[in-house]
Amino acid sequence: MNEKNKKKILYLMEYPIDLPGGGQMSTQTLCDGIVDVFSGKNMTENKGEKYKYQYEPVVCCPTLLKKTASDYDFRIVTYKSDENREDTKLKRIFNFLSRIGSFRKIIKSENPDLIHVSMSESLITFGFLRCLGLFSKIPFVYTDRGLAYGYRKHSMTCIKATLKHASRLLTTTQFNKDLWSKENLSCDITVIPNTISTSFNDYDENRRQEMRKKYGIKDDELVVGFAGRISEEKDWPFVPVLVDALSKTKVKFKVALVISIYEAGDINQVNEIKSGIIDAIGEDNLIYLQDLSQKEMADYYYLVDTFVMSSMFESFGKAAVEAMSRKCSVLSTTAGGLREVIGKEENLYTKDSVSKFTDRIKTLYERPDELNADREFFYNRYKNNYTIDSNVSRHLALYEEILVAKR
């Protein structure tokens, strides 16, 4: 393929790509997938030769925390930046102005064919440049990984002003697309469901048996799983409430809990969650793991029969899809895009209908055939909707549509 047919996609981010988080992991998975398409390594459905252009992903993000650029199969360009949670308005303004300068320098140097903005603060930063008329010949798209109603008024004003110039707004659910459609944007909106790490690619029944044996779980024992990072959106204080409610039924179960912590104060909340669970079911019935890698998380889900989402705000719910890929039954609140991702009404509950949660678990516990059917339902849902192949091919098709139209 000649140089004329090579196209560079520049991904703009305000967090280091090696900082654990949904946006960072989603961008890495997409970039890894694009590299694999054109190297022919792992993608089974998508071959590079079927695309008109060959794509080179380049990530622009703050200085990496622990990894180096050579740890990745795609190119990374870094810039200096403070955290995005500065404690004073002056620091926030300085960091914003610094990021504007960094974006301008990197975009000018890289001269990409298309810009893909992966995070909201990055969109506002890039929007400052774009609304001034800079880089007007470079098309850009934005993936909204939140929900349209989740932004503060001033942020929404900046986002909408920038999207006037966008080639496309991407959402991960139809639910969020419908929210954005009410904002009367001038750009089109496309739904591309999120995906998960390559660590979850292959399901191994033997690995499930090995992991359950490792933690002393018998074949007829039910394991209920909870996992995620410490954040207000996950509603962690509600988890002991759910466990306590379930403990009052005739269901015999263990809890497999995984929490990721990033700040010193997080450990206090972890201890409260663990204490509440132990009070309900006893210490012997709690399996607690912390700060797992993606590979370790892929193994963790093999322990679980029924995985539970307790979120009160969730744009998509990657953890639910991770659990699906390991043949877990999944129960969830109806928050945000979760209803759409789960796709099974009897597996949904709310804080005001905890009995729906306990009744469903009780049914799955008492009817092993239904539990197995539920596990297969969610595994097939993952395979049919949320694989890396599907995610990458949809992105590449979108890039081609935009760049071919630009010619």
Side-chain angles (χ1 to χ4, degrees), residues 25 29 32-33 36 41-46 193-228 246 251-260 284-309 317-332 338 341-344 346-347 360-392:
M25 284 189 261
T29 300
D32 282 336
D36 286 350
K41 286 200 307 187
N42 295 321
M43 302 295 284
T44 56
E45 299 172 7
N46 309 301
N194 216 336
T195 188
I196 51 180
S197 161
T198 55
S199 298
F200 297 88
N201 273 5
D202 301 313
Y203 178 80
D204 183 354
E205 185 66 41
N206 291 329
R207 190 60 179 155
R208 173 176 165 83
Q209 294 173 357
E210 291 168 0
M211 289 298 295
R212 288 173 72 89
K213 182 178 179 181
K214 177 180 177 181
Y215 286 92
I217 300 166
K218 299 175 183 177
D219 290 343
D220 61 348
E221 282 190 310
L222 185 76
V223 178
V224 178
F226 300 89
L246 188 58
V251 177
K252 303 299 181 184
F253 65 100
K254 291 184 176 180
V255 169
L257 174 68
V258 178
I259 298 181
S260 297
D284 291 343
N285 290 316
L286 172 62
I287 300 168
Y288 177 69
L289 303 167
Q290 185 172 302
D291 295 332
L292 301 188
S293 67
Q294 287 293 284
K295 185 177 184 303
E296 290 168 332
M297 283 300 300
D299 279 343
Y300 153 77
Y301 288 107
Y302 282 123
L303 295 173
V304 177
D305 295 295
T306 301
F307 183 75
V308 182
M309 299 286 290
K318 284 184 68 174
V321 176
E322 291 173 353
M324 291 179 197
S325 78
R326 289 299 177 259
K327 293 193 178 182
C328 298
S329 166
V330 184
L331 271 71
S332 171
L338 281 171
V341 172
I342 301 305
K344 196 169 188 177
E346 57 262 50
N347 284 45
R360 182 57 177 162
I361 295 283
K362 189 171 185 290
T363 296
L364 296 174
Y365 173 73
E366 293 176 343
R367 302 176 187 173
D369 289 347
E370 187 162 346
L371 174 59
N372 289 333
D374 220 39
R375 292 177 60 218
E376 289 296 329
F377 169 85
F378 284 109
Y379 181 66
N380 289 329
R381 185 161 182 79
Y382 158 70
K383 295 291 286 185
N384 292 334
N385 296 280
Y386 304 120
T387 63
I388 294 175
D389 280 1
S390 174
N391 181 273
V392 173

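- Remark: side-chain polar atoms of Tyr300 are paired, donor with acceptor, to backbone N or O of Ala256 under 3.5 angstrom.
- Atom-to-atom distance recorded for Leu222:CG and Glu366:CD is 11.0 Å, nearest 0.5 angstrom.
- Within 6.0 Å of CG on Asn206 lie more than 12 heavy atoms contributed by other residues, nucleotides or ligands.
- Here Lys214 contributes atom NZ and Gln209 contributes atom CD; the two are 16.0 Å apart, rounded to the nearest 0.5 Å.
- For the pair Phe253 and Val251, the tightest heavy-atom approach, listed with the atom from each and the gap, is CD2-O, 3.6 Å.
- When Lys254, Arg208, Arg375 are each tested for a salt bridge (charged side-chain N to carboxylate O under 4.0 Å, His left out) with Asp305, only one passes: Arg208.
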**OP:** Please assess Val330 against Val341 for the test side-chain contact (heavy atoms from CB on, under 4.5 Å), listing each intermediate value before the final yes or no.
**Re:** CA-CA 10 Å; Val330 184; Val341 172; over 6 Å; no
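- Counting only residues at least two apart or in different chains, salt bridge (Lys or Arg N to Asp or Glu O under 4.0 Å) contacts with residues 376-386 comprise Lys327-Glu376.
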Subject >> Audit row: Ile196, Tyr382, side-chain contact (heavy atoms from CB on, under 4.5 Å) steps and yes/no >> reply: CA-CA 10 Å; Ile196 51 180; Tyr382 158 70; 3.7 Å; yes
**OP:** Step by step, work out the side-chain contact (heavy atoms from CB on, under 4.5 Å) result for Thr306 and Leu371.
**Re:** CA-CA 9 Å; Thr306 301; Leu371 174 59; 4.0 Å; yes
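- Checked against Tyr301 for a ring pair (Phe, Tyr, Trp, His ring centres under 6.0 Å), the options Phe307, Phe226, Phe378 give a single hit: Phe307.
- Few gaps surround CG on Asn384; more than 12 heavy atoms of other groups in view lie less than 6.0 Å from it.
- Between the side chain of Thr29 and the main chain of Met25, a donor-acceptor pair closer than 3.5 Å is present.
- Atoms CG and CG, on Leu289 and Asp299 in that order, are 10.5 Å from each other to the nearest 0.5 Å.
- Of the possible polar contacts, one joining the Thr195 side chain to the Ile388 backbone as a donor-acceptor pair under 3.5 Å is found.
- The heavy-atom pair separating Ile342 from Ser332 by the smallest distance is CG1-CB, 3.7 Å.
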Original post:
When you look at Arg212 and Val223, which way does the side-chain contact (heavy atoms from CB on, under 4.5 Å) test go after all the steps?
Top reply: CA-CA 10 Å; Arg212 288 173 72 89; Val223 178; 3.9 Å; yes
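- Considering only heavy atoms from C-beta on, Leu364 comes within 4.5 Å of Leu331 through its side chain.
- Atom CD of residue Gln294 and atom OG of residue Ser199 lie 5.5 Å apart, to the nearest 0.5 angstrom.
- Using a distance-only test at 3.5 Å, with no hydrogens or angles considered, no donor-acceptor pair links the side chain of Arg326 to the main chain of Val304.
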**OP:** Report the C-alpha separation of Tyr379 and Tyr203 in whole Å, then their side-chain angles, then the decisive distance to 0.1 Å, and conclude whether the ring-ring contact (aromatic ring centres under 6.0 Å, His included) test is met.
**Re:** CA-CA 9 Å; Tyr379 181 66; Tyr203 178 80; 5.7 Å; yes
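- A salt bridge between Glu210 and Lys213 is absent, with no side-chain N of the basic residue lying under 4.0 Å from a carboxylate O of the acidic one.
- Between Asn380 atom CG and Asn385 atom CG the span is 10.0 Å, to the nearest 0.5 Å.
- Using a 4.0 Å cut-off between charged nitrogen and carboxylate oxygen, Glu322 and Lys318 do not count as a salt-bridge pair.
- Here the closest heavy-atom approach between residue Met309 and residue Ala319 is recorded as SD-CB, 3.9 Å.
- Within a 6.0 Å sphere centred on CZ of Arg207, other residues, nucleotides and ligands contribute more than 12 heavy atoms.
- Note that CD1 of Ile361 is 8.5 Å distant from CG of Asn347, once rounded to the nearest 0.5 Å.
- Classification of Asp374 and Arg360 as a salt-bridged pair holds, one side-chain N sitting under 4.0 Å from a carboxylate O.
- Inter-residue side-chain proximity for Val321 and Asn194 is flagged as unmet; no heavy-atom pair is nearer than 4.5 Å.
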